[in-house]
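This report refers to the structure that appears directly beneath it.
Since this is a predicted model, take the numbers as computed values, not measurements.
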Amino acid sequence: MEPNHQPSSEKEILNQNPSPETPFPPLIASLSLSLSSIIPLFQPKLPSLLSPPQPSKVKVPTQASSLAHLSLSTKTQSSPSNKTSYKSTFSANPLKSPLSVIPNRPNDPSSAAALRRVSIVWFRNDLRVHDNESLNTANNESLSVLPVYCFDPADYGKSSSGFDKTGPFRATFLIESVSDLRRNLKARGSDLVVRVGKPEAVLVELAKEVGADAVYAHREVSHEEVKMEEKIEGVMEKESVEVKYFWGSTLYHVDDLPFNLEDMPSNYGGFRDRVQKLEVRKTIEALDQLKGLPSRGDVQIGDIPTLMDLGLNPSATMSQDGKAGPNTPMAGGETEALQRLKRFAAECVAQPNKGFKDGTQSIYGANFSCKISPWLAMGCLSPREMFDELKKTASSVVSASSNRNGGGNGSSKTGTNWLMYELLWRDFFRFITKKYSSTKKQLEGAPAATACTGALA
């Protein structure tokens, strides 16, 4: 054999059969194999190659993507001038079924391998992409995300008193809000799966179809909504799917309250005095790009239902002359909510300073109201986003007022107190509802929350 000749196969290496006194010349074996042949070649061949030296150490990657390139190396203990090394490189084609080989999610969420395969984001009264903690968290913790909205038949039809559970105007506003959410998700590389059915049945079916690891959603406060959350947790537990709830419907976060919810004051004055010095958490920015839909399963996106699909009469939203009713200009959706908020903020700046003796400021707009409640109720607008936007406006109004007054008494109260007053009332009613919304509290009987007057944004 020529000095520079290197055996090109394992067979040549074995046929040389060197004596113990003759050290191995430098040898390199390179193998390009398919992934399916790693195990059969790895176990029987390497012992024959590595029998003279000490056992080699093999580092197995923890991520499926690392299996596409696996390198093994070992060195013999010999004289410094004569060393024998063996290197094997396995190159694999892209995995066709990643779900079958990706390891289970480890306990350490900071690990790169901690990403979930598929997560479902269940939209409820949070029809927005800005300041949406469940959407952002699912996107950060998952390889793919499936956004879902369910039109629950239980929310429609007649109540026991004979009234519509959801009227045609509210249903129209909701349909427009869901449609706008779908557009905003598409603009970020995702989409919205829409179904008409019971959420506990729809979500389980989708979880099985796409192999979901978890369901992300915001918590709600009413008794029926809390019971639905319990149903979802029950059915998902049977499928070993985790359910993660977040809080995002109030100005102040429930975890920041200076008291346990069970000990919350049942009157607004006591609540206000306890929370008005709390810091408002920062708004969560909307993501520019979202994870794509899962590739597993053949999930149909689904059509957004019409009023007739929901059992409602479209003509109820029309006036007698066949034209659109008076509430038609209130278009639903996050896009409209943010535009309306900016218009309202601009109106506040344009109006003269109308302050009161206590330093608060009046609400401008039609009938002295910002008319923002429908968007807050549907979650098209976050209370924190509203607070942040109008806080900027209030600062400019205060600055202008101070300049006009020569820096006079101008005031820390001017500008923001009226907003805090309105949003605090809203927080109070949501927290007090949450306090008494559990089945146990319902059976015990909840005392009435006391308030001398109410104000809604």
Side-chain angles (χ1 to χ4, degrees), residues 116 118-128 131-139 141-142 145-157 159 165-166 170 174 177-178 181 192-210 212-250 252-257 260-262 264 284 376-380 382-383 426-444 446:
R116 302 181 186 276
V118 181
S119 293
I120 294 175
V121 176
W122 176 29
F123 283 93
R124 307 172 74 189
N125 293 323
D126 56 342
L127 305 180
R128 63 181 185 268
D131 201 24
N132 193 317
E133 187 175 4
S134 63
L135 176 63
N136 283 40
T137 306
N139 187 80
E141 295 181 354
S142 311
V145 176
L146 187 71
V148 178
Y149 183 83
C150 297
F151 286 86
D152 189 351
D155 295 335
Y156 302 88
S159 67
K165 293 182 177 180
T166 301
R170 178 180 174 85
L174 174 59
S177 300
V178 173
L181 175 62
L192 180 66
V193 174
V194 177
R195 295 288 186 270
V196 178
K198 296 180 179 180
E200 65 269 29
V202 170
L203 294 177
V204 168
E205 180 182 354
L206 290 173
K208 292 179 180 179
E209 192 168 354
V210 301
D213 300 295
V215 174
Y216 292 72
H218 278 113
R219 285 199 180 277
E220 285 300 329
V221 299
S222 73
H223 179 58
E224 292 185 355
E225 290 167 328
V226 171
K227 287 197 301 182
M228 177 57 66
E229 293 172 3
E230 294 172 354
K231 288 181 181 179
I232 296 297
E233 291 174 350
V235 296
M236 289 300 175
E237 183 179 4
K238 296 178 181 179
E239 301 297 331
S240 299
V241 177
E242 183 181 2
V243 180
K244 299 187 69 174
Y245 286 111
F246 301 85
W247 188 266
S249 62
T250 55
Y252 291 120
H253 198 283
V254 66
D255 293 340
D256 297 338
L257 296 177
N260 293 328
L261 205 56
E262 297 80 16
M264 173 184 168
I284 301 173
L376 284 172
M378 294 287 184
C380 302
S382 158
R426 185 176 181 276
D427 274 18
F428 170 71
F429 286 120
R430 291 192 70 81
F431 284 130
I432 205 70
T433 302
K434 179 63 177 174
K435 177 180 179 179
Y436 297 112
S437 61
S438 68
T439 304
K440 180 179 179 181
K441 291 292 183 181
Q442 288 286 330
L443 293 176
E444 292 177 351

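Side-chain atoms of Lys231 and Lys198, non-hydrogen and from C-beta on, never get closer than 4.5 Å to each other. In this structure, the side chains of Asp152 and Met228 come closer than 4.5 Å at one or more pairs of heavy atoms. Residues Met236 and Val204 meet the side-chain proximity criterion, which asks for heavy atoms closer than 4.5 Å. Proximity of Phe428 to Met264: side-chain heavy atoms (C-beta onward) are separated by under 4.5 Å at one or more points. Taking the side chain as every heavy atom from C-beta outward, Ile432 and Lys435 approach each other to under 4.5 Å. Side-chain atoms of Phe246 and Asn136, non-hydrogen and from C-beta on, never get closer than 4.5 Å to each other.
In this view, Asp256 and Arg281 satisfy the side-chain hydrogen bond (donor to acceptor under 3.5 Å, both in side chains) rule, not counting sequence neighbours. The side-chain contact (heavy atoms from CB on, under 4.5 Å) check on Val202 picks up Cys150, Arg195, Leu206, with sequence neighbours excluded. Take Thr166 and apply the side-chain hydrogen bond (donor to acceptor under 3.5 Å, both in side chains) test, not counting sequence neighbours, and it matches no residue. Partners of Phe151 by ring pair (Phe, Tyr, Trp, His ring centres under 6.0 Å), not counting sequence neighbours, listed by chain and number: Tyr149. For Asn132, the side-chain hydrogen bond (donor to acceptor under 3.5 Å, both in side chains) partners are Ser134, not counting sequence neighbours.
Counting only distance, with no hydrogens or angles, the side chain of Arg426 and the backbone of Leu376 share a donor-acceptor pair below 3.5 Å. With hydrogens and angles ignored, the 3.5 Å screen pairs no side-chain donor or acceptor of Asn260 with any backbone N or O of Glu262. Using modelled atom types, one side-chain atom of Arg128 and one backbone atom of Gly379 make a donor-acceptor pair closer than 3.5 Å. Under a 3.5 Å cut-off, the side chain of Asp131 and the backbone N or O of Ile284 do form a donor-acceptor pair.
Within a 6.0 Å sphere centred on NZ of Lys165, heavy atoms belonging to other residues, nucleotides or ligands number more than 12. Enclosure of atom CZ in Arg170 is not indicated, since only 12 or fewer non-hydrogen atoms of other residues, nucleotides or ligands lie within 6.0 angstrom. A 6.0 Å sphere centred on CD of Glu237 holds no more than 12 heavy atoms belonging to other residues, nucleotides or ligands.
Contact between Ser437 and Val221 at its shortest, heavy atoms only, is CB-O, 2.7 Å. His253 approaches Phe431 most closely through the heavy-atom pair C-CZ, 4.5 Å. When all heavy atoms are compared, the tightest approach of Val241 to Ala212 is CG2-O, 3.7 Å.
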### Message
As a quick check of understanding, evaluate side-chain contact (heavy atoms from CB on, under 4.5 Å) for Val196 and Tyr156, giving each step before the final call.
### Response
CA-CA 11 Å; Val196 178; Tyr156 302 88; over 6 Å; no
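The pair Glu220-Lys227 does not meet the salt-bridge criterion, since no charged nitrogen lies less than 4.0 angstrom from a carboxylate oxygen. Using a cut-off of 4.0 Å between Lys/Arg side-chain N and Asp/Glu carboxylate O, Lys238 and Glu200 are scored as not salt-bridged.
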List the atom pairs, with distances to 0.1 Å, where a side-chain N or O of residues 118-126 and a protein N or O form a donor-acceptor pair under 3.5 Å, not counting sequence neighbours.
unit_1, atom_1, unit_2, atom_2, d
Ser119, OG, Ser142, OG, 2.6
Arg124, NH1, His218, O, 3.1
Arg124, NH1, Glu229, OE2, 2.7
Arg124, NH2, Glu225, O, 3.4
Asn125, ND2, Glu225, OE2, 3.2
Asp126, OD1, Arg124, N, 2.7
Asp126, OD2, His218, ND1, 2.7

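The side-chain hydrogen bond (donor to acceptor under 3.5 Å, both in side chains) test with Tyr216 singles out one residue from Arg116, Glu242, Glu133, and that residue is Arg116.
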